[in-house]
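Computed from heavy atoms alone, side chains included, the values below leave out hydrogens, waters and symmetry copies. Computed from a predicted structure; not experimentally measured.
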Amino acid sequence: MFTPEGPTFRELAVQALSSVEHGYDLLAPKFDRTPFRTPGPVLDAVFRTTAPLGPFRTGLDICCGTGAGVQVLRRLCAERATGVDFSAGMLAAARADLGDSPGPAVEWVRADARALPFRDAFDLAVSFGAFGHFLPGERPVLFAEAYAALRPGGRFVFPVPAPPRVGSAAYWAMWGFDGVMRLRNLLRHPPFVMYYRTFRLPDVLADLAGAGFTTGLLPLAGLGTRPDGSPRCVLVVATRS
């Protein structure tokens with residue numbers, strides 16, 4: 001799965017035995033050379049699907065990691081893009097990767113997504129690949145913070161892939177990963193929260209509605225369809241009232 005420049009098995013093991021924050025601090029220098037980074041086709045599909053919902057002046061990437069989502073925001077927002085993450089290592093890697101590239105202004109903020117230091121500040125919020133780090137009971141707070149960070153009429157968008165077919169290799173891989181992670185967290189503290197099977201779309205839409213959002217779904221064209229014709233991935237569009 002990994003390039004020669006990516007993390008070794010030992011480095012991944014050390015990360016998995018750390019807390020979420022420290023684990024990502026350790027992984028940050030090599031994160032973009034792992035399969036965990038959101039793939040370019042997904043980023044591009046989100047850009048193409050979100051652009052007609054604008055225009056947008058300012059954007060927020062929640063749990064920005066090394067900044068892939070911020071790069072999408074810079075294509076969508078005319079004035080400013082902000083990345084927020086609680087890993088100092090990931091933010092440092094994001095700053096270094098951005099460098100002096102032209103485009104809208106960028107700022108990086110270290111903060112917990114469950115206690116964002118923003119109110120009524122953004123037209124658009126995005127998030128990519130981070131929701132597995134939050135237990136289902138934490139989602140109402142997470143979504144309430146996203147709601148508060150947006151201006152009235154602002155959008156919170158994120159991709160959600162279709163669940164794998166029951167019995168497929170991907171299905172059992174997700175079960176296996178979550179099972180190993182739950183065992184690890186029973187045996188070792190602090191926990192490393194990363195689960196793939198806790199982010200069910202009906203529950204997510206209900207939690208977004210509970211936070212005050214009006215929700216809708218858009219297919220992410222270009223990412224293909226399933227055998228039944230349904231999209232392989234959808235964009236959740238949650239709008240602040």
Side-chain angles (χ1 to χ4, degrees), residues 37-86 90-91 94-95 97-98 101-131 134 139 141-161 199 201 204-205 207-223 233-241:
R37 185 184 190 274
T38 303
V42 174
L43 298 170
D44 290 339
V46 169
F47 165 75
R48 290 192 301 269
T49 306
T50 303
L53 305 177
F56 307 105
R57 294 187 294 115
T58 56
L60 173 68
D61 183 5
I62 299 173
C63 303
C64 67
T66 54
V70 169
Q71 298 288 11
V72 174
L73 290 175
R74 297 187 86 206
R75 299 164 66 190
L76 290 166
C77 300
E79 296 180 7
R80 175 170 52 93
T82 299
V84 62
D85 203 283
F86 77 163
M90 297 293 268
L91 290 172
R95 288 190 190 95
D97 184 60
L98 181 68
S101 61
V106 175
E107 62 179 350
W108 307 102
V109 177
R110 187 181 182 194
D112 191 320
R114 294 161 293 193
L116 292 174
F118 312 111
R119 290 297 180 268
D120 304 311
F122 300 97
D123 304 308
L124 176 66
V126 300
S127 192
F128 294 92
F131 292 122
F134 299 94
R139 281 200 305 261
V141 173
L142 177 68
F143 292 161
E145 288 295 295
Y147 186 95
L150 291 168
R151 300 185 181 100
R155 313 272 195 170
F156 179 29
V157 306
F158 50 87
V160 177
F199 201 72
L201 186 56
V204 169
L205 295 177
D207 288 339
L208 286 166
F213 285 106
T214 300
T215 61
L217 301 176
L218 294 173
L220 285 176
L223 297 183
C233 193
V234 297
L235 186 72
V236 174
V237 180
T239 305
R240 174 176 171 172
S241 58

Minimum heavy-atom separation for [X] to [Y], with atom names?
X      : Y      : result
Ala68  : Leu43  : CB-CD1, 3.9 Å
Asp61  : Gly69  : OD2-CA, 3.3 Å
Arg48  : Ala221 : NH2-O, 3.3 Å
Ala125 : Leu150 : N-CD2, 3.8 Å
Phe213 : Ala146 : CZ-C, 4.1 Å
Asp85  : Leu91  : O-CD1, 3.6 Å

Practice prompt. Could you point out which residue of Asp97, Val106, Thr66 forms a side chain to side chain contact (heavy atoms under 4.5 Å, CB included) with Gln71?
Written response: Asp97

Practice prompt. Start with the C-alpha gap between Thr50 and Leu76, add the side-chain angles, then the distance that decides, and say whether side chain to side chain contact (heavy atoms under 4.5 Å, CB included) holds.
Written response: CA-CA 8 Å; Thr50 303; Leu76 290 166; 4.0 Å; yes

Worksheet item: Passes side chain to side chain contact (heavy atoms under 4.5 Å, CB included), Phe122 versus Cys77? Steps please.
Response: CA-CA 10 Å; Phe122 300 97; Cys77 300; over 6 Å; no

Rounded distance (nearest 0.5 Å) linking atom [atom1] of [X] with atom [atom2] of [Y]:
X      : Y      : atom1 : atom2 : value
Cys233 : Leu220 : SG    : CG    : 4.5 Å
Phe86  : Cys63  : CZ    : SG    : 7.5 Å
Leu60  : Phe118 : CG    : CZ    : 5.5 Å
Leu116 : Thr82  : CG    : OG1   : 11.0 Å
Leu124 : Leu73  : CG    : CG    : 5.5 Å
Phe143 : Asp207 : CZ    : CG    : 6.0 Å

Worksheet item: Do Val204 and Phe131 pass the side chain to side chain contact (heavy atoms under 4.5 Å, CB included) test, and can you show the C-alpha distance, the side-chain angles, and the key distance before you say yes or no?
Response: CA-CA 10 Å; Val204 169; Phe131 292 122; over 6 Å; no

Show me, pair by pair, the donor-acceptor contacts under 3.5 angstrom made by side chains of residues 154-161, not counting sequence neighbours?
| residue | atom | partner | partner atom | Å |
| --- | --- | --- | --- | --- |
| Arg155 | NH1 | Thr239 | OG1 | 3.0 |

Fill in: Evaluation steps, side chain to side chain contact (heavy atoms under 4.5 Å, CB included), between Leu53 and Val237
CA-CA 9 Å; Leu53 305 177; Val237 180; 4.0 Å; yes

Discussion item. Show me the pairs that pass side chain to side chain donor-acceptor pair (under 3.5 Å) and involve residues 142-152, at least two apart or across chains.
Written reply: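 Those involving residues 142-152 are Thr58-Arg151, Arg119-Glu145, Asp123-Arg151, Tyr147-Ser241.
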
